[in-house]
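Structure record follows, encoded as structure tokens.
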Amino acid sequence: MGILYDSVMQQKRNILIKRLEELNISNAQSGKSIHDCDYEELKYELVIASFREIDTEATENNWY
């Protein structure tokens, strides 16, 4: 693809990697380093990590 697209995707990957590192995640569930994952894998890992951060005991986080 184009140079601009590649640059933007790299920046998006870097943002996701930074957010995962803030959550102390260094490896994906597949065992790969987050630095070796592609954008889609990083998005998945961030979603999983954000679900782990939800406090299910708090009343405002009840689903039902």
Side-chain angles (χ1 to χ4, degrees):
M1 301 219 173
I3 295 171
L4 180 61
Y5 176 81
D6 292 339
S7 176
V8 169
M9 289 307 292
Q10 185 60 40
Q11 289 175 351
K12 290 170 78 173
R13 279 187 71 248
N14 290 340
I15 291 169
L16 292 176
I17 289 170
K18 180 182 174 192
R19 292 181 65 191
L20 287 167
E21 286 175 340
E22 289 171 354
L23 295 171
N24 296 322
I25 296 174
S26 59
N27 292 321
Q29 290 183 343
S30 63
K32 292 191 321 188
S33 170
I34 59 172
H35 297 282
D36 297 332
C37 294
D38 66 7
Y39 179 71
E40 294 299 320
E41 290 173 310
L42 291 171
K43 281 194 325 186
Y44 175 78
E45 293 299 326
L46 186 59
V47 168
I48 297 299
S50 65
F51 278 126
R52 288 187 197 127
E53 293 293 313
I54 296 173
D55 180 15
T56 57
E57 299 298 320
T59 57
E60 62 271 5
N61 293 335
N62 286 341
W63 295 47
Y64 47 87

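Computation of the quantities below employed the complete heavy-atom set of this structure, encompassing side-chain atoms and omitting hydrogens, waters and symmetry-equivalent molecules.
- In this structure, Y39 is a member of the same hydrophobic cluster as L23, with clusters built from ILVMFWY side-chain heavy atoms closer than 4.5 Å.
- Partners of N14 according to the side chain to side chain donor-acceptor pair (under 3.5 Å) rule, which considers only residues two or more places apart in sequence or in another chain, are Q10.
- Minimum interatomic distance between L42 and I34 (heavy atoms only, all atoms of both residues): CD2-O, 3.4 Å.
- For E22, the salt bridge (Lys or Arg N to Asp or Glu O under 4.0 Å) test picks out no residue, with sequence neighbours left out.
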- Go through R13 and E41 one step at a time and tell me if the side chain to side chain contact (heavy atoms under 4.5 Å, CB included) criterion holds. CA-CA 10 Å; R13 279 187 71 248; E41 290 173 310; over 6 Å; no
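- When all heavy atoms of N27 and I25 are compared, the pair lying nearest together is O-CG2, 3.5 Å.
- Atom CG of D38 is separated from atom NZ of K43 by 10.0 Å, given to the nearest 0.5 angstrom.
- Residues meeting the side chain to side chain donor-acceptor pair (under 3.5 Å) test with K12, sequence neighbours left out: none.
- Residue V8 is not grouped with residue L46 when hydrophobic side chains (ILVMFWY) are merged at heavy-atom distances under 4.5 angstrom, including chains of intermediate members.
- In terms of heavy-atom proximity, Q29 sits nearest to E45 at N-OE2, 3.1 Å.
- Under the 4.5 Å side-chain heavy-atom criterion for grouping Ile, Leu, Val, Met, Phe, Trp and Tyr, Y5 is connected to L16 within one hydrophobic cluster.
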